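Scroll down for the structure; my scribbles are underneath it.
Since the model is a prediction, treat every value here as computed from it, not as a measurement.
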Amino acid sequence: MKKFIQEFKAFALRGNVMDMAIGVLIGAAFSGIVTALTDNFINPLLQAFMKGQTYSMEEIAGFAGNFLTAVVNFFITALVLFCLLKAVNKMMSFGQKKEAPAAPTTKQCPYCCSEIPIVATRCPHCTSQLEDEPAA
């Protein structure tokens, strides 16, 4: 059972699964903005032009308030998902050993300042003979 839980954790917290889940949630929140825009601005404008319907200032303020509510809900959802993803990433990094930096494979020519292989004895760019450094 313990191995099953570890495998599920590795699957569920894998990068592309988390990205897909966040994409679906952000898409749902954005569809709320699109719906609010359609219901509160586009449809009333079409009704005003086609049917000659007039709206009071209270109705117009309600339309704007509904749209702003949808926008605020989108940003709150995005913020919560961002914080959740940061927490999951931090949790996944616990227990992992940091990799030691790799040994350098290049050095800089002291004469022409170009990058050359670390084992080179002559610079391929300026053909200068490089001094052998004493072994440490």
Atom CD1 of I76 and atom CG of L81: how far apart are they, to the nearest 0.5 Å?
12.0 Å
Distance from T69 atom OG1 to N73 atom CG, nearest 0.5 Å?
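Those atoms lie 6.5 Å apart.
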Measure across [X] and [Y] and return the closest heavy-atom pair with its distance rounded to 0.1 Å.
X: E59; Y: T54; result: OE1-O, 4.2 Å
X: T121; Y: Q129; result: O-NE2, 3.5 Å
X: L130; Y: P110; result: CD2-CD, 3.7 Å
X: Y55; Y: Q47; result: OH-OE1, 2.6 Å
X: C109; Y: C112; result: SG-N, 3.5 Å

Taking [Y] as the starting point, is it possible to reach [X] by hopping between hydrophobic residues whose side chains are less than 4.5 Å apart?
X: Y111; Y: I116; answer: yes
X: I22; Y: F30; answer: yes
X: L85; Y: L25; answer: yes
X: V80; Y: F75; answer: no
X: F74; Y: F63; answer: no

Which label fits F11 and F8: parallel for a plane angle under 30°, tilted from 30 to 60°, or perpendicular past 60°?
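Because their plane-to-plane angle lies in the 30° to 60° range, the rings of F11 and F8 count as tilted.
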Qualifying residues under side chain to side chain donor-acceptor pair (under 3.5 Å), relative to S56, sequence neighbours excluded
E58
Return the set of residues passing side chain to side chain donor-acceptor pair (under 3.5 Å) with E115 (not counting sequence neighbours), or none when no residue passes.
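For E115 the side chain to side chain donor-acceptor pair (under 3.5 Å) partners, ignoring immediate neighbours, are T106.
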Output side-chain donor-acceptor pairs under 3.5 Å for residues 34-46, partner residues at least two apart or in another chain, one line each.
{"residue": "T35", "atom": "OG1", "partner": "S31", "partner atom": "O", "Å": "2.8"}
{"residue": "T38", "atom": "OG1", "partner": "V34", "partner atom": "O", "Å": "2.9"}
{"residue": "N40", "atom": "OD1", "partner": "N66", "partner atom": "ND2", "Å": "3.4"}
{"residue": "N40", "atom": "ND2", "partner": "A36", "partner atom": "O", "Å": "3.0"}

Output, in order, the C-alpha distance, side-chain angles, deciding distance and verdict of side-chain contact (heavy atoms from CB on, under 4.5 Å) for C126 and S114.
CA-CA 9 Å; C126 67; S114 60; over 6 Å; no
